[in-house]
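Lettering of chains follows the sequences in order, A, B, ..., and the numbering in each one begins at 1.
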Amino acid sequence: MCGALRLADAGKKAVLMGWVNRRRDLGQIIFVDLRDRTGVAQVVFSAELSATVHEKAEQLRNEFVIAALGTVKKRDADTINPNIPTGEVELVVDELRILNVSKQPPFLPSDTMLANEEMRLKYRYIDLRRDAMQFNIALRHKVAIAIRDYLSSQGFFEIETPFMTRSTPEGARDYLVPSRVQPGSFYALPQSPQLFKQILMISGFDKYFQIVRCFRDEDLRADRQPEFTQIDLEMSYPQPERVWETVEGFLAAAFKAAGHEIKINFPRMDYDDAMRQYGIDKPDLRLPALTDVRDCFTSEELQTLAINQDLPVLAIRTPKVGELSRKERDDIKPLFVSKGGARVFEDFKRIENKHPEAAAKIREKVRANATFEIHQKTAGDQDDLIVLVVGSAQSSADKDAHPASKRKVTPAEMAIYASAGLLRVALAQKYADRHGIFKKTGNPAQDYRFLWVTNFPMFEYDEADKRWMAAHHPFTSPHEEDMDKLETDPAMVRALAYDVVLNGTELGSGSIRIHRQDIQSRIFHALGMTDEESKSRFGFFLEALEYGTPPHGGIALGLDRIVMILAGAESLREVIPFPKTAAAKDLMMEAPTPVADAQLRDLGIGIVTKK
RNA sequence: GGGGGCGUAGUUCAGUUGGUUAGAACGCCUGCCUGUCACGCAGGAGGCCGCGGGUUGGAGUCCCGUCGCUCCCGCCA
């Protein structure tokens, strides 16, 4: 293989096959960098050696596929290329076969400048030839194998579950597959194998896993594709800690396969604390926490500044960003998303001018608050950017009206925390070059900040539908001690649910499940489902629960996201060979497409054009 | 569903206040070149300025619409 040639091979006969990555035609001598999966090697065509071979080599162009037969030669000292692993040798060719020619590609795998997304996706087979993509796909393979091996060694069985299954109206939109044999009926592609894996527990396969494709027909993001791969697992009789150990074990194996030794026993944090300290349920621990600096102001000051005294005043610290110019302060504004009554006080200078005492207190308090920070030594506090997010004086007048207003973090407070949490991340991304926190240090303990977020609320209130929804999913078990509040005070019920978070990305989400039919029914009730409804949607499952279901629980992690972070990529598209665009299209295959009328007739489907 | 960014040569981009024949780099083609490795040198070809409409004496540039790519909010049990 091209990339494998080494000094030790000098003198050997060799055949290299691959693509012409670059050619350098010097007249009587032609150099070609030949590329395959393993790397590049220089092959030499000399007119002196063979006029016919040299003549043929003159026809070579980028991306031609060739076989070069010759002798591996140690390069002269002054012609060694230290920039490539094969740079000490070259293949002196005495026979050249052109296996295939190539049209001029729209872009070259060797280009330093990246073509735009549209081009890359349309000509994905060329984009995938690039080193970076070859590396990412190889990394994905290694990670998947490591996880399989680890889970298998821990006694887990990899068991497949159907792709054509039943639509469940809860949750994400389903991708539907029409049935020809049952006209008018549809299968759904699984959003996850949730019910199947629970059924497997009921079936006695007490440790299950699967690296499995899941499908959700929702709008995309850089870290969301309509089809994505989960590491799905479930086990019988576990405490949450058993699940966490398992996850930490396979993540350690996966990161090891990628060359990183991570420390296990990830820190744990209650959902409430995550929201209060970071304003988000997936905190990026690399960045400083939020600080409530309400007590740094006097009551009069708060009034003067039109700040709501009953709501937190949150300081966002972004290290080493320094003071912002007038223009930069304007640039921040679009980053801010107000969740309801929240307002941004981007001009900290104004507070320093008018309320110097408060400003000094804020600086002190913010710097002292470094709960989970481990490596930001700020050179001096002048270097930090401080932005305040506050509640408008008139906001949250009706706060008691909300069904969740008795929670530890009230909905009105939550709006401020959430707004600040989003801005905190947005600022850090915008000024990443200045604070350098996102740059890899080579120390896994700093580069990869894992976290378990636990004790999520069981239900979220849907303002639009005026009803409670399952925060995780309706098969999640409530805390034992909250069981009595299911009917009386659903807002206060905590779930035995947990997320594993890495650097602000939710890697996975799981829970201990309900294993008793009566409790499952109560949950469906709490979600506003009648007996008839729950029976028609989940009857088979409720029935299964009645035949000796062991306690069980599990989790599912996004393989794509894990690989994305390991690859240092900004988008899932960089680690998925054939991804879809933001509009869920495959630009290479040109999917989806309309289908022939005959096909539709066969399925008993008519198309209604939307206005 | 909403908001932001982008769309000009094969590719990546520049294009001033609306003003001659729309530029650069890389790639491509031709020629020269025996140690290059992002080879070099000389010459050349290559443009529906995403698409449609409007304003204007005149539009790559301004306005409206539309399509595509992208990021974010909503959404993703």
Check your understanding: Quick one: does A:Arg573's side chain get under 4.5 Å of A:Thr581's, heavy atoms only?
Key -> no

Practice item. Answer with base, sugar-phosphate or nothing: what part of the nucleic acid does A:Arg221 contact at a heavy-atom distance below 4.0 Å? Key: base

Exercise for review: Taking atom P in both B:C13 and B:G7, compute the distance separating them and give it to the nearest angstrom.
Suggested key: 9 Å

Practice item. With the side chain of A:Lys585 defined as its heavy atoms from C-beta on, choose the nearest nucleotide among B:C37, B:G68, B:C75. Key: B:G68

Check your understanding: Base, sugar-phosphate, or nothing: which does A:Leu587 touch, judged by heavy atoms less than 4.0 Å apart?
Key -> sugar-phosphate

Review point. Say you pick atom P in B:G27 and the same atom in B:G40; how far apart are they, in whole Å?
Key: 8 Å

Check your understanding: Could you state the CG-P distance from A:Leu60 to B:U36, rounded to the nearest angstrom?
Key -> 21 Å

**Study point:** Distance, P atom - from B:C64 to B:G5, rounded to whole angstrom
**Key:** 13 Å

Study note, to complete from the structure: Closest to the side chain of A:Thr79, out of B:C71, B:A38, B:G35, is B:G35

Point to revise | Distance, rounded to the nearest Å, where A:Lys580 contributes NZ and B:G68 contributes P | key: 17 Å

Exercise for review: Look at the side chain of A:Arg61 and decide which nucleotide, out of B:U30, B:C71, B:G35, has an atom nearest to it.
Suggested key: B:U30

**Study point:** Charged N-O contact under 4.0 Å between A:Lys74 and A:Glu90
**Key:** no

**Study point:** Sidechain N-carboxylate O distance under 4.0 Å for A:Arg35, A:Glu63
**Key:** yes

Check your understanding: Should A:Arg221 and A:Asp223 count as an ion pair when the cut-off is N to O under 4.0 Å?
Key -> no

Check your understanding: Donor-acceptor pair under 3.5 Å: do we get one between A:Gln28's side chain and the base of B:G35?
Key -> no

Practice item. Once you apply the 3.5 Å cut-off to both distances, tell me the Watson-Crick or G-U wobble partner of B:C69, or none. Key: B:G5

Revision key, fill the gap. Whole-Å distance, A:Asp219 CG to B:U70 P, equals 13 Å

Check your understanding: What's the CD1-C1' distance between A:Ile29 and B:G40, to the nearest Å?
Key -> 15 Å

Practice item. Could you measure between the two P atoms, the one in B:U12 and the one in B:G43, and give it in whole Å? Key: 28 Å

Practice item. Would you mind reading off the distance between A:Tyr175 atom OH and B:C75 atom C1', rounded to a whole angstrom? Key: 13 Å

Practice item. To the nearest Å, give me how far apart CZ (A:Arg24) and C1' (B:C33) are. Key: 15 Å

Check your understanding: What integer number of Å spans the P atoms of B:U61 and B:C49?
Key -> 10 Å

Review point. Is B:G43 paired to anything, Watson-Crick or G-U wobble with both distances less than 3.5 Å, and if yes, which nucleotide?
Key: B:C29

Exercise for review: For A:Glu63 and B:G27, give me the distance from atom CD to atom P, rounded to whole Å.
Suggested key: 14 Å

Review point. Of A:Ala471 and A:Arg75, whose closest RNA chain B nucleotide lies nearer the 5' terminus?
Key: A:Arg75

Revision key, fill the gap. Taking B:G74, B:C33, B:C69 as options, the one with an atom nearest any side-chain atom of A:Arg224 is B:G74

Exercise for review: For B:C26 versus B:A42, give the span between their P atoms, rounded off to a whole number of Å.
Suggested key: 12 Å

Practice item. Give one of base, sugar-phosphate or nothing for A:Thr581, where a contact means two heavy atoms less than 4.0 Å apart. Key: sugar-phosphate

Point to revise | Pairwise P distance, B:G44 and B:A25 [rounded to whole Å] | key: 13 Å

Point to revise | Derivation and outcome, ring-ring contact (aromatic ring centres under 6.0 Å, His included), residues A:Tyr498 and A:Phe456 | key: CA-CA 7 Å; A:Tyr498 34 80; A:Phe456 280 79; 9.0 Å; no

Check your understanding: Salt bridge check: are A:Arg513 and A:Glu234 linked by an N-O gap of less than 4.0 Å?
Key -> yes

**Study point:** Separation between the C1' atoms of B:G52 and B:G68, rounded to whole Å
**Key:** 15 Å

Study note, to complete from the structure: Whole-Å distance, A:Asp127 CG to B:C69 P, equals 16 Å

Point to revise | Of A:Tyr187, A:Phe163, A:Phe228, the residue whose pairing with A:Phe215 passes ring pair (Phe, Tyr, Trp, His ring centres under 6.0 Å) | key: A:Phe163

Study note, to complete from the structure: When A:Asp36, A:Leu34, A:Ile66, A:Val32 are each screened for side chain to side chain contact (heavy atoms under 4.5 Å, CB included) with A:Leu16, the one that passes is A:Leu34

Study note, to complete from the structure: Correct closest heavy-atom pair for A:Phe107 and A:Arg120 would be CZ-CA, 4.0 Å

Check your understanding: When all nucleic acid strands are considered with a 4.0 Å heavy-atom cut-off, which category describes A:Ser192: base, sugar-phosphate, or nothing?
Key -> base

Point to revise | A:Gly87 vs A:Ser46, nearer the 5' end of RNA chain B by closest nucleotide | key: A:Ser46

Revision key, fill the gap. For B:C13, the nucleotide meeting Watson-Crick or G-U wobble distances (both under 3.5 Å) is B:G23

Practice item. Describe the nucleic acid contact of A:Glu460 in one word from base, sugar-phosphate, nothing, applying a heavy-atom distance below 4.0 Å. Key: nothing

Review point. With respect to the phosphate group of B:C71, does any side-chain polar atom (N or O) of A:Arg573 fall under 4.0 Å of OP1 or OP2?
Key: yes

**Study point:** Basic-acidic side-chain contact under 4.0 Å: A:Asp462, A:Arg467
**Key:** no

Review point. Would you say A:Asn62 reaches B:C28's phosphate, i.e. side-chain N/O to OP1/OP2 under 4.0 Å?
Key: yes

Point to revise | Distance-only donor-acceptor test (3.5 Å): side chain A:Arg216, base B:C76 | key: no

Check your understanding: What is the nucleic acid contact for A:Glu90, judged by heavy atoms within less than 4.0 Å: base, sugar-phosphate only, or nothing?
Key -> base

Exercise for review: Would you indicate, yes or no, if B:C39 has its OP1 or OP2 atom less than 4.0 angstrom from a side-chain nitrogen or oxygen of A:Arg22?
Suggested key: yes

**Study point:** RNA chain B-proximal residues of residues 100-120 of chain A, any heavy atom under 4.0 Å
**Key:** A:Gln104, A:Pro106, A:Met113, A:Leu114, A:Ala115, A:Asn116, A:Glu117, A:Glu118, A:Met119

